[in-house]
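Report on the following structure.
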Number of protein chains: 2
Amino acid sequence: MAMCERTCIHQDVVEAVRERMPPDARLDDVAELFKVFGDTTRIKIVSALFESEMCVCDIACLLQMSQSAISHQLRVLKQAGLVKYVRQGKTVYYSLNDDHIKRIFDQGYSHVTEE
Amino acid sequence: MAMCERTCIHQDVVEAVRERMPPDARLDDVAELFKVFGDTTRIKIVSALFESEMCVCDIACLLQMSQSAISHQLRVLKQAGLVKYVRQGKTVYYSLNDDHIKRIFDQGYSHVTEE
DNA sequence: TAAATATATGAATGTGTGTTCATATATAGA
DNA sequence: TCTATATATGAACACACATTCATATATTTA
């Protein structure tokens, strides 16, 4: 049985880190946010919306995926507060909610390209 | 049956967006990276390592989780190239690989706090 | 060399999630 | 009002994944 599951090795370090870390709830929110970006389909939708607002139909066409799959993922993006939409007759146009999203994406993008 | 799964509504928009979007492989990499950040345990480990390098034992102690669970997640972080480690006797000290990680985290963090 | 400790890892399990399929809803036009 | 089209959504299914459990490996110390 492992000793270290009950006792820390460096109590002082652990205490210091614990005090300086953000509260758990905050970190959970951060993970939740990144999780939304952590899907191929969703990141492609976001990437597309950087260029132009788009209707569901066109996104499905662009990504060669079913309309249903796109709708479901747009729902996730909407619930995360990343996209907004405007209805115009039969079609619904989606766009990004703010440009902070672009900054988050760019940081990730530059990380994978700088290698 | 939906018409829009075969035909785009705005061909011109779709074409323009397609041309300006990054290649699929790149976007897959970006999603993969964000997915690593998109887990509560991993984001807490990363957040802890911002403060100090730490051994597996202390991380487990800090997060009140099993040593095994932490080891498994450190493996994921290592495979993603986010952490490095140094062995010192029986203990292994993990630390962040570069400070780009901090910038990515900060963007996500400020997004969830600015609400 | 034997015992203790820190870490790593494979298998199993339960849970989460993305897509599909079928269908419902909403709007426009005939 | 009936039909066509664009979108939304619930259920089902397959797959991914995080943790646990048992155990292996590595290193130190007695």
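In what follows, chains carry the letters A, B, and so on, assigned in the order in which the sequence lines appear, proteins first and then strands, with residues in each chain numbered from 1.
For B/H72, the ring-ring contact (aromatic ring centres under 6.0 Å, His included) criterion is met by no residue, not counting sequence neighbours. With sequence neighbours excluded, no residue forms a salt bridge (charged side-chain N to carboxylate O under 4.0 Å, His left out) with A/D12. Under the rule for a side-chain hydrogen bond (donor to acceptor under 3.5 Å, both in side chains), B/R26 has no partner lying at least two apart in sequence or in another chain. Contacts of B/E32 classified as side-chain hydrogen bond (donor to acceptor under 3.5 Å, both in side chains), with partners at least two apart in sequence or in another chain: none. For B/S95, there are no side-chain hydrogen bond (donor to acceptor under 3.5 Å, both in side chains) partners, not counting sequence neighbours. Legend: residues meeting ring-ring contact (aromatic ring centres under 6.0 Å, His included) with B/F37, ordered by chain and number and at least two apart, are A/F34. In this structure, the ring-ring contact (aromatic ring centres under 6.0 Å, His included) partners of B/H10, at least two apart in sequence or on a different chain, are A/Y93.
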Below 3.5 Å between N/O atoms, which protein atoms pair up with nucleotides 20-23 of chain C? Just atom names and distances, please.
residue	atom	partner	partner atom	Å
C/dT20	OP2	A/S66	OG	3.1
C/dT20	O4	A/H72	NE2	3.3
C/dC21	N4	A/S68	OG	2.7

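For DNA chain D, the residues of residues 76-91 of chain B within the heavy-atom distance limit of 4.0 Å (strictly under) are B/R87, B/G89, B/K90, sorted by number. Annotation: proximity of residues 29-43 of chain B to DNA chain C (heavy atom, distance under 4.0 Å) is found for no residue.
Between A/V14 and B/I59, the closest side-chain pair of non-hydrogen atoms is not below 4.5 Å. Using a 4.5 Å heavy-atom threshold, the side chains of B/V17 and A/L62 count as touching. In this structure, A/M54 and A/Y94 have side chains that are not in contact, with every pair of non-hydrogen atoms separated by 4.5 Å or more.
Rotation axes derived from the C1' atoms of the five outermost pairs at either end of the helix from C/dT1-D/dA30 to C/dA30-D/dT1 lie 10° apart, to the nearest 10°.
Nearest heavy-atom pair, B/V36 versus B/L77, reported as atom, atom and distance to 0.1 Å: CG1-CD2, 3.6 Å.
If you check D/dG10, D/dA8, C/dA6 against the side chain of A/Y94, the one that comes closest is D/dA8.
Judged by distance alone, with hydrogens and angles left aside, the side-chain atoms of A/D29 form no donor-acceptor pair with the main-chain N or O of B/V112 at under 3.5 Å.
With rounding to whole Å, B/I45 atom CD1 is found 13 Å from C/dT7 atom P. Between the CG atom of A/L74 and the P atom of C/dT17 there is a distance of 18 Å, given to the nearest Å. Computed from coordinates, the A/R75 CZ to C/dT19 P distance equals 15 Å when rounded to whole Å. Between A/I59 atom CD1 and D/dT7 atom P there is a gap of 9 Å when expressed in whole angstrom units. One atom, CD1 of A/I70, and another, C1' of D/dA8, lie 14 Å apart when rounded to the nearest Å.
Each of A/Q73 and B/Y93 has a nearest nucleotide on DNA chain C; the 5'-most of these lies closest to B/Y93.
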For residues 44-53 of chain B, which side-chain donor-acceptor pairs fall under 3.5 Å, sequence neighbours excluded?
residue	atom	partner	partner atom	Å
B/K44	NZ	A/D24	OD2	3.4
B/E51	OE1	A/R20	NE	3.2

